[in-house]
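Please read the structure below before turning to the comments.
Treat the numbers as computed from the prediction; the structure is a model and nothing was measured. Order of the sequence lines sets the chain letters (A, B, ...), proteins ahead of strands, with each chain counted from 1.
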Amino acid sequence: MTIITTISRIAGLFGACLMAATGAMLTYEVIARYFFVKPTIWAAELSQLCLIWGCLLAMAWVLSMRRHITVNAVTNLLPPAAQTVCVAVSLLVVIVFSGVAAVYGWEIFYDSFERGRTTGSLLNLPSWIAELSVPVGFALLAAQAVVELIGLRRKHLPSLGSSHE
Amino acid sequence: MTVILILLCLFALLLIGVPVAFALGGLGLGMLIFGGFSPLMAPQAILSTLDGFILLAVPLFLLMSNILLKGGVGRDLFTAVQAWVGHWPGGLAVATILSCGLFAAISGSSVATAATIGTVAIPEMVNRGYGKRFVYGLLAAGGTLGILIPPSIPMIVFGFVAEESVIALFLAGIGPGLFLVTLFVIFAMLHARFAGGYTPVPAAQWGERLSATRRALPSLALAILIVAGLYSGAFTPTEAAAVGFAAALLITIFWLRTLTLSAFWEAVRESAITTAAILLIVAGAKVFGKAIALYRIPQDISAFIAANIEGPLIFILLVSAVLLLMGLVFEALSMILIMTPVLLPAAMGLGFDPIWFGIFMVIMVECALITPPVGLNLYVIQAVARVSLGEVARGVWPFLALMLVTVGVLYVWPDLALYIPFKW
């Protein structure tokens, strides 16, 4: 169980680094355009790729940190037993949704991979590089949600997330 | 009938505590499968959302403001402003509002604004004998300036959903933002004049003023650089955010020398968590939006509004009431994401400018941020000041009234928002 949480954490921290890296790339782009008058062809595209992977890799970690945005106004008023039921149902919704998203996301990825589809942009990267993030991210999220569901038997959890960011 | 059923399902999922992102995405996916549409649309919608160049501005603005925050810029700003206006009648209150307004210009979040300025200003004001309710209300309301004065994460999200220019939205937020600052300042001075009870602060020495200003200056310059860069078209909002992130690093490392490696790493982690949480909601809303569009729900609602609501004033009053009601349970972004696709077509049909409508939504969402039981800024001030939610909530009413006045003025005089982006 803890191994999945550890993988989620490592994936999340890697995702955080990817997001910070977009800052470096886009700052370089602005400098290259205004000071060297030589805009790059890679900065925008690679930073978008970093954002996609960064967000989807961080999903499971954010769940384990209880930081997904959740409406807690009603569940806060419930007794602990009812809260546990709500959290369990919520986790089931997350598992089903992320499972289905992972399966269909895999189809999209595999199709692009087989056909050798490319993005058609300046860099003309293979499309599957971005598309692979969906099955990977959602599979990890589903696994983490299962871990949380099993953990419910031992520990009371009033809610799955916080009500703000 | 379908509309009511879908809304019931959505509210049920949200209220039992399914994270907003997965409630929207899951319901959208369910609707696609149920309606016989291809479920492949769900992962495609998620990918196309996260691929949006404009949304890259979200992590970068968050990084910028988190780094400035870790570098102690909030305290510097408050000290500098206080050195200049602290001796006015109600000077600390005025300094608090102005610092909120300035911090708003380097931060896109109202929670961060309320928390940062609140931590510094609340003890100071309470020590000087300002009424506690007034202080809490002031800080909760002052924080909302964070999302009205650019940069603003909710505006980026609105622009993305509505497919409108984020630059125009940012510029349109300036007028109402300054107007609201003015109203708050006038109220604070009148309150100080009539309620009294506080000990005035002696005027600061010139040396003090200059040294405080020197520390705050780079952050102010950064705020001006961002707005000027956007206004002149020198960079896109995303590039402005990237430049802001780099500048925040330079300021906190070389000028203020306050950023440590662990604080930097903390800022990166925090920004990533917030970004993932926010952008996944946007992606979930995109899946949901696709599904309701295939069920023709926005068209149905537009038609219903066109048939049953006479005139723009009634529409705006009704939308305001709905948003205030929703604000009792929902937080800002979810409201914008759920309501924009539903309401914007109807609003445009009635002749409202989409940028104007965006600013209107942002102010209404700000009201939601300070109305109990779910008012994020109330929670923040409650936590910072360690008092009861009720006490904070009671202090907020006059400020809420001023915000509704601003909405009224904006309705009568749309140029308050639209002048800077379109006529200047």
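For chain A, the option among A21(B), A23(B), P19(B) with the highest count of heavy-atom pairs below 4.5 Å is P19(B). When L63(A), V89(A), L26(A) are compared by the number of non-hydrogen pairs under 4.5 Å with chain B, L26(A) comes out ahead. Chain A forms more heavy-atom pairs under 4.5 Å with one residue of T49(B), L13(B), I33(B), L60(B) than with any other, namely L60(B). Contact tally against chain B (heavy-atom pairs below 4.5 Å) for V87(A), L51(A), L56(A), L78(A): the top residue is L51(A).
Around the CZ atom of R66(A), the shell of radius 6.0 Å holds more than 12 heavy atoms that belong to other residues, nucleotides or ligands. Shown here is F11(B), whose CZ atom has more than 12 heavy atoms of other residues, nucleotides or ligands within 6.0 Å. Annotation for L8(B): atom CG counts as buried by contact number, over 12 foreign heavy atoms lying within 6.0 Å. A 6.0 Å sphere centred on OH of Y28(A) holds no more than 12 heavy atoms belonging to other residues, nucleotides or ligands.
Only the side chain of L29(B) comes within less than 4.5 Å of a heavy atom in chain A; its backbone stays farther off. Proximity to chain B (any heavy atom under 4.5 Å) is shown, for S47(A), by both the backbone and the side chain. Proximity to chain A (any heavy atom under 4.5 Å) is shown, for F53(B), by both the backbone and the side chain. Only the side chain of L141(A) comes within contact range of chain B, judged by heavy atoms closer than 4.5 Å. Residue contact with chain B, scored on non-hydrogen atoms closer than 4.5 Å, involves the backbone and the side chain of E131(A) alike. Within the 4.5 angstrom heavy-atom criterion, no atom of M25(A) approaches chain B. Using a 4.5 Å cut-off between heavy atoms, L279(B) contacts chain A through its side chain alone, with no backbone atom that close. Interface residue I46(B): only side-chain heavy atoms are found under 4.5 Å from chain A. When heavy atoms are compared at a cutoff of 4.5 Å, S133(A) approaches chain B solely by way of its side chain, counted from C-beta outward.
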For this session: Apply the test side chain to side chain contact (heavy atoms under 4.5 Å, CB included) to residues C17(A) and V268(B): give CA-CA distance (whole Å), side-chain angles for both, the deciding distance (0.1 Å), then the verdict.
Result: CA-CA 7 Å; C17(A) 295; V268(B) 169; 5.5 Å; no
Problem set entry | Step-by-step side chain to side chain contact (heavy atoms under 4.5 Å, CB included) determination, H68(A) to F22(B) | CA-CA 9 Å; H68(A) 278 295; F22(B) 308 121; 3.8 Å; yes
For this session: Test I108(A) against L40(B) for side chain to side chain contact (heavy atoms under 4.5 Å, CB included), laying out the working first.
Result: CA-CA 7 Å; I108(A) 293 178; L40(B) 285 174; 3.7 Å; yes
For this session: Show the numbers, then the answer: is there a side chain to side chain contact (heavy atoms under 4.5 Å, CB included) between T70(A) and V18(B)?
Result: CA-CA 6 Å; T70(A) 311; V18(B) 179; over 6 Å; no
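Distance check: I16(B) CD1 to S90(A) OG gives 4.0 Å after rounding to the nearest 0.5 Å. The CD1 atom of I273(B) sits 4.5 Å away from atom CZ of R67(A), with the distance rounded to the nearest 0.5 Å. Once rounded to the nearest 0.5 Å, the distance linking CG of D51(B) with CD of E45(A) reads 8.5 Å. For the atom pair CD of Q48(A) and CD1 of I54(B), the computed distance is 10.5 Å after rounding to the nearest 0.5 Å.
For the pair Y34(A) (side chain) and A234(B) (backbone), a donor-acceptor distance under 3.5 Å is present. No donor-acceptor pair closer than 3.5 Å links the side chain of T27(A) to the backbone N or O of A246(B). Using modelled atom types, no side-chain atom of E239(B) and backbone atom of V30(A) make a donor-acceptor pair closer than 3.5 Å.
The two residues A20(A) and L63(B) have their closest heavy-atom pair at CA-CD1, 3.9 Å. Closest approach of G105(A) to P43(B), counting heavy atoms only: N-CG, 3.8 Å. Annotation for I69(A) and A277(B): closest pair CG1-CB, 4.2 Å, computed over non-hydrogen atoms. When every heavy atom of A242(B) is checked against every heavy atom of G23(A), the shortest pair comes out as CB-O, 4.0 Å.
Contacts of F138(A) classified as ring pair (Phe, Tyr, Trp, His ring centres under 6.0 Å), with partners at least two apart in sequence or in another chain: F97(A).
Using a 4.5 Å cut-off on side-chain heavy atoms (C-beta onward), E29(A) and F235(B) make no contact.
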